[in-house]
Amino acid sequence: METCKNYINGEWVLSATGRTRDIICPSNGEIVGITTESSSADAEAAIGAAKEAFYGAGEWRRMGAAERAEYLLKIAAEIKASAADLAKTDTLDNGKPLREAEGDVDDAAACFTYYAGLATKPQGGTYDVGDGFGPMHSYTVHEPVGVCAQITPWNYPLLMSVWKLAPALAAGNCVVFKPSENAPLSTVKLFEIFDKVGLPRGTANLVLGTGPEVGAVMAESRDVDMITFTGSTKTGQTIAKAAAGNLKKVGLELGGKSPNVVFADCDLEGAVEWAMIGIFFNAGQVCSAGSRLIIEESIRDRFVSRLAERANALTIGPGMDNPDMGAIITEAQMEKILGYIESGKEQGATLVCGGERYTEGECAKGFFIRPTIFDNCSSDMKIVREEIFGPVLTVQTFKTEEEAIAMANDTPYGLAGAVCTKDGARALRVVKEIRAGITWVNCCQPTYNEAPWGGYKMSGIGRELGTHGLEEYQEVKQINIALETGPLGWYEN
Ligand code: NAI
Ligand code: MG
């Protein structure tokens, strides 16, 4: 197996550490790849290359937007051309069902296409300013921020990379990128595509390694103008502190504990299915997972038993077999989830289904957890308060709309929230009260390249995707042009 290398200044290079990392398939524990394991020196080399490319050569930022867009369209086409390989790579690396990985690849190509289009659209404004200083033309231009460092998690390996790289490149930045050490392989392939389409040297740099060794340098470096990160709230806080040294721009997409509020007047079968998608999609390893079911008391028994019936019927297995639900990313992550399940039992929640590792047949070699539902949960329980990042749903009940809203907002997080009801006015009232950046009515989880993605409260800072996602990677400059030259007569002498 060939060792995957860093991509720095347009060259594929092994880290001088000589260390490597085995990349493990969580479906069976087998090695599916090997990567070079970088040190801080590699991170610094990549930052240096991006800095030189941006401030020195400046080819990418000076290029016309239409030409940059051409590159992004070529990247989208190459992603499509190697879609099958990319999907298989994410399935082996991450454990997700193949059809979910195929969906991620489609979204990744569409994201590059979207930002290719956006790069060439009108930006900035002109302002009708006062004439105290004489006639003036005032307008704004959007410029790239500079050197952007980007760090991603393992739950959507290719797609999270693309959500960051596409807008940053569209805006004309140069980038240093670190994927999660748990699932880096599809990002390596994405950089092979960058190499193939011939992005100018140093425009996009890849460093493979861990957070403490490589990520920390990216967050701290004074040569980095912006850091964007998706992952846990705890690591997000560490990054924000490190970023304070040179007050680099920060974009954080962090954890969640999102409520799914279901009223008695919902379409029951529809709401059950969305609740399942909310918590069992990607085995619950989704920042926006609808992990807290908040349900009107009168339908609780019917709803929860139907949900459990369907959860128990989900097929579990290796991603390549296209089961309903795949593996958990690592053994450590699986143990962490099992620990939460134990704490739920200890704190008195009622286990309705699942609650254990799944070890049928070949799955004994992998890291699988049965779809798990806890009823009779209360807001002081650890399983209700903390992001579990696994297929574990908590159920709480309410009698009034006010109670439901209070319960939904009783969390330090504010990434997402859903409401199911056939009462349109109520849906709008509840959605308006939910303190979260992404909300759904009578559905849960759909995401679009066109719409901004990000959280309130401790779920993050800033937005990805859509026009907001492009603007995150831009500085706005105001330009004021005096329309008359010559003395203004401001001073008497
Ligand atoms: P993490 O947030 O520590 O890791 C995500 C990325 O940050 C990885 O690329 C990692 O190498 C990097 N990183 C770690 N420490 C860093 C540091 N000090 N400076 C810079 N970069 C650093 O998440 P991890 O360890 O993979 O998972 C732990 C928990 O985080 C999960 O159990 C889950 O609850 C949560 N999580 C949440 C995600 C979300 O999207 N909300 C995504 C992944 C994990
Ligand atoms: Mg892996």
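The chain is numbered in sequence order, starting from 1. For ligands, and for the atoms within them, numbers begin at 1 and follow the listed sequence. Below, each value reflects all heavy atoms present in this structure, side chains not excepted, and no hydrogens, waters or symmetry copies.
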* **T152: numbered ligand 1 atoms lying under 4.0 Å from its heavy atoms** => 6 (C), 8 (C), 9 (O)

* Geometric N/O contact F389 with ligand 1, under 3.5 angstrom -> no

* Checking salt bridge (Lys or Arg N to Asp or Glu O under 4.0 Å) against K96, which of D104, D90, D324, D321 comes through? -> D104

* Structure fact -> Under 4.0 Å between heavy atoms, the region of K336 that gets near ligand 1 turns out to be side chain

* Going by the order shown, which atoms of ligand 1 are within less than 4.0 Å of some heavy atom of K178? -> 8 (C), 9 (O), 10 (C), 11 (O)

* Asked: Does the gap between the ring centers of W274 and F281 come in under 6.0 Å?
  -> no

* Asked: ligand 1 and S232, any nitrogen or oxygen pair closer than 3.5 angstrom?
  -> yes

* Within reach of ligand 1, part of I239 (heavy-atom separation under 4.0 Å) -> side chain

* Where ligand 1 meets G255 - atom numbers and elements under 4.0 angstrom, heavy-atom basis -> 41 (N)

* Please say whether W154 places an N or O atom under 3.5 Å from an N or O atom belonging to ligand 1. => yes

* To do: Could you tell me whether E273 and R310 make a salt bridge, using a distance below 4.0 angstrom between a side-chain N and a carboxylate O?
  => yes

* Asked: So, for atom 13 (N) of ligand 1, does the protein have a heavy atom nearer than 4.0 Å?
  -> yes

* **Test item: V286 and Y156 side chains (from C-beta on) under 4.5 Å apart, heavy atoms** => yes

* Asked: Which atoms of ligand 1 sit under 4.0 Å from any heavy atom of L254?
  -> 41 (N)

* Asked: How about T230 and K164: does a side-chain donor come under 3.5 Å of a side-chain acceptor?
  -> yes

* Which of the atoms of ligand 1 are close to S180, meaning less than 4.0 Å from one of its heavy atoms? -> 9 (O)

* Does any N or O atom in E387 lie less than 3.5 angstrom from one in ligand 1, N or O only? -> yes

* Heavy-atom contacts with T235 under 4.0 Å: which atoms of ligand 1 show up? List them by number with element. => 1 (P), 2 (O), 3 (O), 13 (N), 14 (C), 15 (N), 16 (C), 17 (C), 22 (C)

* Side-chain touch T228/L252, heavy atoms, less than 4.5 angstrom -> no

* Where is the nearest protein heavy atom to atom 41 (N) of ligand 1: which residue, which atom, and how far? -> C287 CB, 3.1 Å

* To do: Could you check T372, I373, L338 and say which one makes a side-chain contact (heavy atoms from CB on, under 4.5 Å) with V392?
  => T372

* Asked: Short list, please: which atoms of ligand 1 are under 4.0 Å from a heavy atom of P153?
  -> 42 (C), 43 (C)

* **Within 6.0 angstrom of K249 NZ, more than 12 heavy atoms from elsewhere** => yes

* Centroid-to-centroid, W453 to Y448, below 6.0 Å? -> no

* Relative to the heavy atoms of A216, which atoms of ligand 1 are at a distance of less than 4.0 Å? -> 19 (N), 20 (C)

* Proximity to ligand 1 by part of E181, non-hydrogen separation under 4.0 Å -> side chain

* To do: Answer with side chain, backbone, both or neither: which part of Q333 has a heavy atom less than 4.0 angstrom from an atom of ligand 1?
  => side chain

* Any N or O on F229 sitting closer than 3.5 Å to an N or O of ligand 1? -> no

* Asked: With respect to atom 22 (C) of ligand 1, which of A219, A289, G211, S288 exhibits the smallest heavy-atom separation?
  -> G211

* Distance below 4.0 Å between atom 4 (O) of ligand 1 and any protein heavy atom? -> no

